[in-house]
Number of protein chains: 2
Amino acid sequence: MSKISIKDIALKANVSIATVSYVLNGTRNVRPETRRRVEAAIEEMNYKPNDIAKSLKRQHTNTIGVIAEDITVFNAPDIIDGINDFGDRHDLHILLVNLRLDKRIGRNFNDVTAYRKYAANAVSELLSKQVDGIIYIGVHTRDLTGLIDTEGKPIVYTYGYTKDDVSIQYNDEQASYEAMAYLISQGHSRIAIISGLMDSIPSRLRLNGYYRAVTEFQLPFDPLLIKMGDWERESGFRLAAELLAMPEPPTAILSMNDVMAVGVLQAAAAQGFKVPEDVSVMGFDNREFSDYLTPRITTMNLPLHEMGYQAIETLYQIINGKTSDTRLPPQCQLIERDSVAAPRTK
Amino acid sequence: MSKISIKDIALKANVSIATVSYVLNGTRNVRPETRRRVEAAIEEMNYKPNDIAKSLKRQHTNTIGVIAEDITVFNAPDIIDGINDFGDRHDLHILLVNLRLDKRIGRNFNDVTAYRKYAANAVSELLSKQVDGIIYIGVHTRDLTGLIDTEGKPIVYTYGYTKDDVSIQYNDEQASYEAMAYLISQGHSRIAIISGLMDSIPSRLRLNGYYRAVTEFQLPFDPLLIKMGDWERESGFRLAAELLAMPEPPTAILSMNDVMAVGVLQAAAAQGFKVPEDVSVMGFDNREFSDYLTPRITTMNLPLHEMGYQAIETLYQIINGKTSDTRLPPQCQLIERDSVAAPRTK
DNA sequence: AATTTTTATCTAAACGTTTAGATTATGGCT
DNA sequence: AGCCATAATCTAAACGTTTAGATAAAAATT
């Protein structure tokens, strides 16, 4: 059992513990001969430093707390991976707390009191462990102002933001606009959109992108082409069915996530519409399965890894008092596959 | 900034720091009146305990190190979720290290020296942080004997094992056998299997299950029905194409994972076989998308959450010197959907 | 009222480091 | 050979707790 401390090796190398510390950290000069002796002792006794003790003295832990609302939701792992990517390069460790919100209070976060309790616990756990900063990973972007008190410890949000803290976001409005622009470039002008839950900020933002595209490209605007889904497959199916049953159905359907797009595909098949020949469909998220469906679905990739990377990078800068050189925000990217084509010319 | 320590509150409450510690931990009796005083001080000064200091004195951290070979691989998040589930109930914190193996050395772990380096770094990081134990989450089950030295710190493996350490596994052989039994119960006797990479232990185990089923149910054995894939969609497609082009094609195809099953579905469609009418197909893993495909694919659920839960529970018992009451290992579960039916009677 | 027992509180050391500041050793100059 | 500057090393305090053991206070027993 590794009970050997700096003290033991000091004894063995016949120097003071301070000297050992100096060779360990290179904080002061030490004579080559002495250095050799203590290094030999370290080697021989298989000394392993104790970061807990270090952290107590220095006033930081090199550890950052990550709060994930639910780690099993598709966006979390890649964001965390981005965090690790930066963390590895800067010797930052990750203390993870998983709120498990999906299991505990479900997807719509109305139960603010329960939420507050879980969040407060998470933060105080992290604070007790003296993390140098906190990263928050939500499942849907929303305003978290006033919900989390970190007692002054720096925090940066992804998928979520606050009036007072920094947050890393991609531009939902722009992404949606770009999806529309792509569809329009393919020749579509009658384009339907199926949104997520309307209390969700991304839903509203993406709808704005839709409106902007319709306006800028001067498409004929038809409010009947706008449908409100709930992010789930079934709603995509139901809403697409309605859309395709219209006297003059849209030639393209933009779904605000890939799982509703699955429903859209199924509705199209059920009503004898071929995709993309009879109707184009486009998703959002670039979920792994979007490549497995038939047809492979064209979608919008989310810069998840980059968000995590930028989140911790920003946090790191805040912690170290560096002037955060403003990077451009993470960008979505259109993934062109097989579910979009030019509309039939009638 | 929360610089108030036990010392400050001792001062304010006019007691010694020991007394404060006693009320904090209930380790000794303290007069109600005194307790009230210190509690008031704690409240008033908003005192937050410092776990780092605690950990230095007590010889444990209440922190478990989790090493994930790659957190973006599908099995990791649910396992971690299981770990958190137990961790929450026992006040155990999670220090996560993500080896990011997929990005660094790819899926086949031949490069043992690079692997060793990453693993050793991870362990020593965790050891420095004085974790009470370690959980290892691999991406594929394999023998890790001799690769990781935890210097005596307890470790439990999932998706991976060692001659010397405890590991939590589901029974691959059995799961595969059960899949076969199900297919046979539906009337199939000419059943093909598409394996994963053959240097993978699950591949071999599942093949054993296949053999056992063939033997026990006395199916006619045809070696041509056994195909070696590589876990990727494309191999499922190619191999299923071969299978379906046989003079007497199988009536059912068991794929060792859901992603190859996608390829199987596509090959069937390409060759005009309807699923499940002309050929049944079954997957493995119960990936989210298996429910989104057409037809929805019947598959084998992996007890990921339970594995994580049992892993940390076992570790907890080892750490606390409790006799590990032997639980039965996590069980796979067949998820019946639409891709399997009785074979055509010719 | 004096003594003993019990209960509450305090003192001080310890956990493993880092780091000012003090002390000592080394080597160059005269 | 003696002095000085410089370089190397040491001493001791500090970080925020816990916890034996000592002491003081209160309660119970005579």
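Per chain, numbering begins at 1; letters A, B, ... match sequence-line order.
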Could you state the CG-C1' distance from B/N62 to D/dT17, rounded to the nearest angstrom? 14 Å
Can we say B/D8 and B/K3 salt-bridge, meaning some charged N sits less than 4.0 Å from an Asp/Glu carboxylate O? no
Any salt bridge between A/E125 and A/K129, counting N to O under 4.0 Å? no
Could you give the NZ-to-P distance, from B/K3 to D/dT17, as a whole number of Å? 12 Å
Scan nucleotides 7-13 of chain D nucleotide by nucleotide, 5' to 3', and note B when protein non-hydrogen atoms come under 4.0 Å of the base, S if they reach only the sugar-phosphate, - if neither. -SBBB--
Sidechain N-carboxylate O distance under 4.0 Å for B/D70, B/R100: no
Determine whether A/D143 and A/K163 satisfy the following criterion, salt bridge (Lys or Arg N to Asp or Glu O under 4.0 Å), listing intermediate values before the conclusion. CA-CA 8 Å; A/D143 187 346; A/K163 298 221 192 322; 3.2 Å; yes
Figure out the CG/P separation between A/L56 and D/dA14, and round it to whole Å. 14 Å
So if I take the C1' atoms of five pairs at each end of the helix from C/dA1-D/dT30 to C/dT30-D/dA1 and get each local axis, what angle do the two axes make, rounded to 10 degrees? 60°
Establish, from distance only, whether the side-chain atoms of A/E151 and B/N46 form a donor-acceptor pair under 3.5 Å. yes
According to the interplanar angle, ranging from 0 to 90°, do the rings of A/Y157 and A/Y136 count as parallel (below 30°), tilted (30 to 60°) or perpendicular (above 60°)? tilted
So, does B/S21 get its side chain near the phosphate of D/dT17, meaning an N or O under 4.0 Å from OP1 or OP2? no
What about B/H90 and B/Y316, are their ring centers closer than 6.0 Å? yes
Lys NZ or Arg CZ of B/R142 over B/Y115 ring: under 6.0 Å, within 45°: yes
In this structure, how many angstroms lie between the C1' atom of C/dG16 and the NZ atom of B/K129, rounded? 14 Å
A/Q130 CD to D/dC15 C1', in whole Å, measures 11 Å
Would you kindly compare A/K7 and A/T27 by the position of their nearest DNA chain C nucleotide and give the one closer to the 5′ end? A/K7
Indicate whether OP1 or OP2 belonging to C/dC15 is found under 4.0 Å from a side-chain N or O atom of A/N50. no
Pick base, sugar-phosphate or nothing for A/N25, based on heavy-atom distances below 4.0 Å to the nucleic acid. sugar-phosphate
If I take atom CD1 in residue A/I52 and atom P in nucleotide C/dT18, what distance separates them, rounded to the nearest angstrom? 13 Å
OP1 or OP2 of D/dG16 under 4.0 Å from side-chain N/O of A/Q59: yes
Whole angstrom is fine here: how far is it from CZ in A/R58 over to P in D/dG16? 16 Å
Rounded to whole Å, please give me the gap between CD1 in B/I4 and C1' in D/dC15. 15 Å
CD (B/E43) with more than 12 external heavy atoms under 6.0 Å: no
